[in-house]
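Here is how names work: the chains are called A, B, and so on, in the same order as the sequence lines, proteins then strands, and each is numbered from 1.
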Amino acid sequence: QKEVEQDPGPLSVPEGAIVSLNCTYSNSAFQYFMWYRQYSRKGPELLMYTYSSGNKEDGRFTAQVDKSSKYISLFIRDSQPSDSATYLCAMSGGGGYNKLIFGAGTRLAVHP
Amino acid sequence: NAGVTQTPKFQVLKTGQSMTLQCAQDMNHNSMYWYRQDPGMGLRLIYYSASEGTTDKGEVPNGYNVSRLNKREFSLRLESAAPSQTSVYFCASSGTGTGGQPQHFGDGTRLSIL
């Protein structure tokens, strides 16, 4: 079993839809949770960063962490074609050398 | 604001050839990383350097070597390329702290081994 599980998709939605992306994990030591966005032929770019449980909002994006269920989510409101990309979750337990564990990524397509 | 710069962007090699992938960051980060990304596998850590002068193996180090040349530069070398090393390679850097530091990535090197 992988430490981090993420549905690879693809997920196809119409413009303006609310998108929900999710990851589950098995290691209860994870404290730091991130979402990266990766456009085709580009490197991952940091989108959201949260520590421990709770919600964080940034514009159209909301990240949620539920440590009791070992479940994290990224919501995209009013999705745009420019949101079409692969979204990777990543997490870390802190300490040591800052090892990040990545999900495999979910491919999202937002069509006009 | 260049961030993390990787060269080359594309490369085709024959089995058995060697090459070095270059990475440089201008964010004054202490830690640097090399990953490979394969379809369905996500990002897998090859080697990392927690600080200048140190390097350590990650999840998939076999067939690779690294050099932390200075604080800015971290190179990845394939001594004898194999088709299984066909992949997209990403370099990343991060600050140093108690952990959970976000990593910042370059745009990758697409490597094909024939």
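Just one residue in the list B:Thr109, B:Leu76, B:Thr7 forms a side chain to side chain contact (heavy atoms under 4.5 Å, CB included) with B:Gln22, and that residue is B:Thr7.
At a 4.5 Å heavy-atom cutoff, the contact between A:Pro44 and chain B is made by backbone and side-chain atoms alike. If you measure heavy-atom distances from B:Phe10 to chain A, the contacts under 4.5 Å come from the side chain alone. When heavy atoms are compared at a cutoff of 4.5 Å, B:Gln37 approaches chain A solely by way of its side chain, counted from C-beta outward. With a 4.5 angstrom heavy-atom cutoff, B:Arg44 does not touch chain A via any of its atoms.
Between A:Phe102 and B:Tyr35, the ring planes lie perpendicular to each other; the angle is over 60°, past the 30° to 60° tilted range.
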For residues 104-112 of chain A, please give each side-chain donor-acceptor pair under 3.5 Å, one per line with the distance, not counting sequence neighbours.
from: A:Thr106; atom 1: OG1; to: A:Gln6; atom 2: NE2; distance (Å): 3.3
from: A:Thr106; atom 1: OG1; to: A:Asp7; atom 2: O; distance (Å): 2.4
from: A:His111; atom 1: NE2; to: A:Val13; atom 2: O; distance (Å): 3.3

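Between the side chain of B:Gln6 and the main chain of B:Gly108, a donor-acceptor pair closer than 3.5 Å is present.
The greatest number of non-hydrogen atom pairs below 4.5 Å with chain B, out of A:Tyr36, A:Phe33, A:Tyr51, A:Phe30, is found for A:Tyr36.
Using modelled atom types and a 3.5 Å distance limit, the side chains of B:Asn70 and B:Glu73 yield a donor-acceptor pair.
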